[in-house]
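Residue numbers start from 1 in every chain, and the chains themselves are labelled A, B, ... in the order their sequence lines are given, proteins ahead of strands.
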Amino acid sequence: MTAAPHARPLRTWSVFDGVRRRPNEYEAVTGHFHYHFGREPAPFDLDPDSAINRWYLRYREGSPLRGVDWEGFRDPSQLNYRRYIALQHDREIYAEGVVDHFEALDADTDLNPAWVGILGRLYLPARYALHVLQITSLYVGQLGPSAYVTNAAFFQAADELRALQWIAYRAKSLSLTHGHDLADSTVARRFWEDDPVWQPARETLERLLLAYDWGEAFVALNLVVKPALDALFKTGLADLAQANGDGLTAQLLRDSGVDSARSQAWSTNLARHATASRPGNAAVLAAWERTWRPLAERAVDGLSTVFGDAPKAVDPADVVAAVGASSAALRASWAGEPHTA
Amino acid sequence: MPKLARSDWYDLARDTNWSFRYVSEQDVFPEELSGTGRVPSEGWLAWDEPYKITYREYVHNQVTKDTTTYSVKNAFARSTLFEKLDPGWKSVILAHYGAITMPEYLASIGEARMGRFGRAAAWRNTATFGTLDEVRHGQIQAFFPYGLIGKEPRADWALKAFHTNDWIVLAVRQLFDDMFVANDALSIALQLTFTLETGFTNLQFLGMAADAIKVGDLEFGSLISSIQTDEARHAQQGEPTIKVLADNGQKDWGQFLIDHMFWRSWRVFALLTGLSMDYYTPLEHRTMSFKEFIEDWVIKQFSDQFRDFGLEHPWYWDEFVSELTWYHHAIHLGVWNWRPTVWWNPDAGVSPEERVWLEEKYPGWNRTFGRYWDVIGDNIRGGKVEATLPETLPMVCNLCQLPIVRAAGVQAGALASAAPLRHTHEGRNYLFCSEPCKWIFTQRPERFAGHLSLVDRFLAGAITPPDLGGVLAYMGLSPAEQGQDATGYAWAYGGTANGSGARAGRR
Ligand SMILES: [Fe+2]
Ligand SMILES: [Fe+2]
Ligand SMILES: [Zn+2]
């Protein structure tokens with residue numbers, strides 16, 4: 001086969017026509033992959049009025065979050081698949097080392113049973129919450145208007161599964177020294193379904209599943225609910241675990257916090273990008289933030305009460321204040337205005 | 001290593017099913033995205049993935065796979081191996097990248113659909129890994145051809161293709177939108193993972209990887225075999241899904257979805273793999289014919305695996321089996337004839353030795369197809385190449401979007417009539433290439449009716465000027481990108497040498 005005689009050899013994909021800078025690998029395997037966004041008469045080549053075309057036209061193309069060059073957005077971590085996998089391969093080696101260290105010390109044996117009770121009530125049922133964050137992230141990804149958004153959301157979904165699986169691991173290992181109930185799914189499910197401290201969180205997360213507008217789903221998940229729960233668990237509960245002599249739980253939570261920080265970095269970047277492209281988007285984002293903030297706060301209020309019951313207790317009001325400060329700082333980083341409580 | 005084995009705790013990571021209190025389950029799993037409503041929620045708790053993997057295992061395995069595959073790519077890029085590849089084989093990989101890279105990436109959306117709207121936590125977790133897998137496949141099959149665009153500008157079609165209206169892309173895009181992008185979670189599990197991935201691609205990727213190594217394309221071979229290991233894992237979502245359906249008295253719905261997609265998978269395989277195996281792959285590297293491949297692998301697979309679940313052969317089985325002898329040969333003639341409309345160089349693959357092989361594998365090939373190639377060969381030797389080029393558009397099927405080639409079926413003795421099948425829906429007339437394509441359409445016309453085929457668009461005035469030049473522009477093919485005969489018509493002059501060097505030199 002003779003190479004087709006182009007006037008000049010291609011420097012990059014022809015679809016990237018007009019880019020000034022040569023794209024890096026991340027961009028070459030991400031840019032303009034969502035050829036279907038904004039396509040006429042419908043995103044996908046079935047009847048334009050078929051169910052999923054209607055769904056995307058309503059919740060993606062029709063989102064009030066609009067008028068943005070979504071191809072112009074970049075994940076600050078610039079993750080494509082192979083970089084994500086290499087990164088998380090290293091993080092899992094680190095986490096395995098942490099677990100090895102504490103298992104070699106037989107550290108679970110020394111835990112105060114009252115502290116283990118706190119873990120059973122707060123930490124182990126968090127599997128349910130993480131699962132909602134995981135699948136909502138898959139929703140944000142499948143509705144994302146560019147592959148730059150979609151892929152970041154997909155990797156985030158996998159990060160939630162990662163955190164969830166370490167909790168499942170801990171449920172089993174704790175049960176070996178502290179009783180079978182800890183590894184009993186029906187027990188964890190009872191906390192999630194019936195324990196009053198969990199109900200506000202459960203309500204918030206169940207409602208999150210119905211945030212079908214992709215822009216709202218993104219704001220509710222990535223800018224409000226997830227950051228609040230991450231602050232509660234990956235900072236608040238991590239500190240509480242440390243204070244109660246449970247270094248393993250503390251370190252696993254903090255390690256997972258690295259993934260949360262990465263999520264916040266791209267999410268705030270995306271919010272700033274959307275506002276910079278169309279100033280009207282600021283009000284759109286703010287309205288959703290106002291809708292979801294009280295739901296996230298109620299979730300945190302409910303769960304924080306457990307902090308007061310730990311052997312080395314923390315005042316629930318302090319937990320609420322710390323999460324509130326963290327949420328306010330996050331909000332200031334994309335909304336650019338000071339938070340007033 | 002942490003002391004607990006996967007099996008000690010795995011179930012605790014997939015037990016996150018609960019009853020909704022603050023919202024309705026129906027709203028969480030809308031039928032148009034989930035498709036699981038035929039089975040009550042308790043029924044879905046039995047969903048059990050045969051292949052279990054944890055996040056830790058996943059990232060550790062995948063980093064090794066990526067390291068291996070990308071290092072082969074780097075070595076290949078520094079060599080001159082690509083330049084030395086057989087021209088027919090180059091067509092195989094250019095066609096593959098243009099037609100398959102983007103569907104692989106789109107499959108991540110299909111996997112995420114199951115990951116959100118699948119009805120069991122175990123299923124959603126499995127699909128979460130499937131989502132990552134398909135991002136991998138889309139990205140790696142973009143990055144490899146990206147590395148080739150300096151040597152072969154049409155590698156650009158790995159990304160460009162789906163931004164165009166090329167007729168092959170229209171067919172492939174409409175198919176994969178039907179199969180997994182614009183589909184519900186349950187149907188994706190049955191139609192993508194069970195029918196296409198388990199029934200066809202697993203085997204095809206193994207075969208393609210072996211062929212690639214034989215022709216010296218180590219890069220493509222290692223790429224495809226690495227992808228196949230992921231497919232073999234996530235394809236297993238179909239099995240537990242069909243099992244839940246069957247256990248809850250919904251086998252017929254499963255059978256319907258599989259019948260729908262088995263036919264469509266066959267169509268796209270005939271187009272892409274049929275041409276590759278029987279015409280583009282160098283003769284000395286062919287191990288089996290496309291027909292033998294389908295008989296030995298796909299049909300056997302169907303019998304072994306699908307029937308385990310009490311599924312029957314699709315009602316059109318006889319028509320499918322009889323097409324094995326003629327359909328892809330007719331499509332090959334069409335693609336070669338309309339070669340300016342594709343982004344690779346179709347390899348006629350009908351040198352004297354190749355014709356001997358074709359007649360041996362497909363008795364009667366000379367009588368049915370050879371005589372067309374005789375005329376084409378005469379025209380080429382007589383200096384009338386323009387007589388071998390297209391002037392108008394063919395009729396295309398309103399379901400599969402491929403040319404209607406029933407005349408060849410009549411000549412092969414398989415069909416009684418060459419006339420396209422017709423159907424009227426809400427005042428609009430539709431044409432079909434086959435009974436199954438018509439059946440798929442008429443079962444759920446609202447799914448397909450508003451789509452316009454290339455010919456519909458042409459007739460509606462969407463393509464201007466309404467001539468071949470206009471069509472080529474509409475398809476996004478610059479003159480430099482339009483396909484030409486892969487060997488510069490060497491086959492018409494008795495040129496045989498299916499060896500790379502000799503054929504390339506003839507150009
Ligand atoms: Fe794939
Ligand atoms: Fe796949
Ligand atoms: Zn058809």
Side-chain angles (χ1 to χ4, degrees), chain A residues 1-6 9-10 13-15 28-29 32-33 35 44-53 80-82 85-86 88-89 92 96 99-100 103 127-128 131 134-135 138-139 141-142 151 154 157-158 161-162 164-165 168-169 171-173 183 185 189 192-193 203 206-207 209-210, chain B residues 2-4 8-9 12-13 15-16 18 20 22-23 27-28 32 54-56 59-60 62-63 66 87 90 105 109 112-113 115-116 121 124-125 128 131-132 135-136 139 142-143 146 149-150 152-154 156 159-160 162-163 173-174 177-178 181-182 345 447-451 480-481 486 507:
Chain A
M1 178 185 305
T2 312
H6 275 263
L10 289 169
W13 299 122
S14 61
V15 173
V29 299
H32 295 279
F33 272 47
Y35 67 88
F44 308 118
D45 275 12
L46 296 182
D47 189 305
D49 206 31
S50 57
I52 299 227
N53 270 327
N80 51 9
Y81 178 90
R82 83 158 152 158
I85 290 295
Q88 298 304 75
H89 163 68
E92 286 294 55
E96 288 162 7
V99 173
D100 279 347
E103 286 182 346
R127 303 205 288 282
Y128 291 89
H131 186 63
Q134 171 196 341
I135 68 177
L138 291 177
Y139 182 75
Q142 69 191 274
N151 297 350
F154 285 167
L161 182 55
R162 174 183 186 230
L164 188 161
Q165 291 200 340
Y169 182 99
K172 181 65 185 183
S173 63
S185 296
R189 179 170 165 172
W192 165 251
E193 287 193 328
E203 177 173 0
E206 286 189 4
R207 293 196 185 287
L209 289 167
L210 302 195
Chain B
K3 66 183 178 190
L4 298 185
D8 293 332
W9 58 272
L12 296 170
D15 60 355
T16 50
W18 77 97
F20 296 93
Y22 305 96
V23 297
D27 289 345
V28 175
E32 64 262 50
T54 66
Y55 183 92
R56 280 160 59 201
V59 293
H60 296 333
Q62 298 301 98
V63 84
D66 268 357
K90 284 185 183 171
Y105 179 68
I109 292 178
R113 182 87 24 82
R116 165 62 181 81
R124 296 189 292 266
N125 287 353
T128 301
T131 304
L132 294 186
V135 172
R136 174 177 195 243
Q139 295 195 329
F143 196 57
Y146 189 66
I149 56 176
E152 171 46 74
R154 281 177 284 190
D156 183 45
L159 181 59
K160 177 179 174 178
F162 272 58
H163 290 264
R173 194 163 58 204
Q174 197 265 12
D177 284 349
D178 184 26
V181 195
N345 287 344
R447 189 172 176 82
F448 306 106
H451 179 264
E481 290 170 316
R507 190 67 185 151

In terms of heavy-atom proximity below 4.5 Å to chain B, should [X] be classed as side chain, backbone, both, or neither?
X: A:V99; answer: side chain
X: A:E103; answer: side chain
X: A:H131; answer: side chain
X: A:N80; answer: both

Self-check item: Nearest-0.5 Å distance, CG of residue A:L10 to CD of residue B:E152
Solution: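 Interatomic distance, A:L10 CG to B:E152 CD, rounded to 0.5 Å: 10.0 Å.
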Exercise. Examine whether an atom of B:F20 lies under 4.5 Å from a heavy atom of chain A, and if so say whether it belongs to the side chain, the backbone or both; otherwise answer neither.
Key: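 When you check distances to chain A, atoms from both the backbone and side chain of B:F20 fall under 4.5 Å.
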Quiz item: Of the backbone (N, CA, C, O) and the side chain (C-beta and beyond), which part of B:D66 lies under 4.5 Å from a heavy atom of chain A, both, or neither?
Solution: side chain
Highest number of heavy-atom pairs under 4.5 Å with chain B: which of [options]?
options: A:V15, A:L46, A:L161, A:L209; value: A:L46
options: A:R82, A:R162, A:H32, A:Q88; value: A:R82
options: A:V29, A:D100, A:D45; value: A:D45

Quiz prompt | Donor-acceptor contact present, side-chain A:R189 to main-chain A:Y128, <3.5 Å | solution = no
Quiz prompt | Residue, of B:Q174, B:Q62, B:R136, that accumulates the most heavy atom pairs under 4.5 Å with chain A | solution = B:R136
Exercise. Among the options B:K160, B:H451, B:E32, pick out the one with the most heavy-atom pairs lying under 4.5 Å from chain A.
Key: B:H451
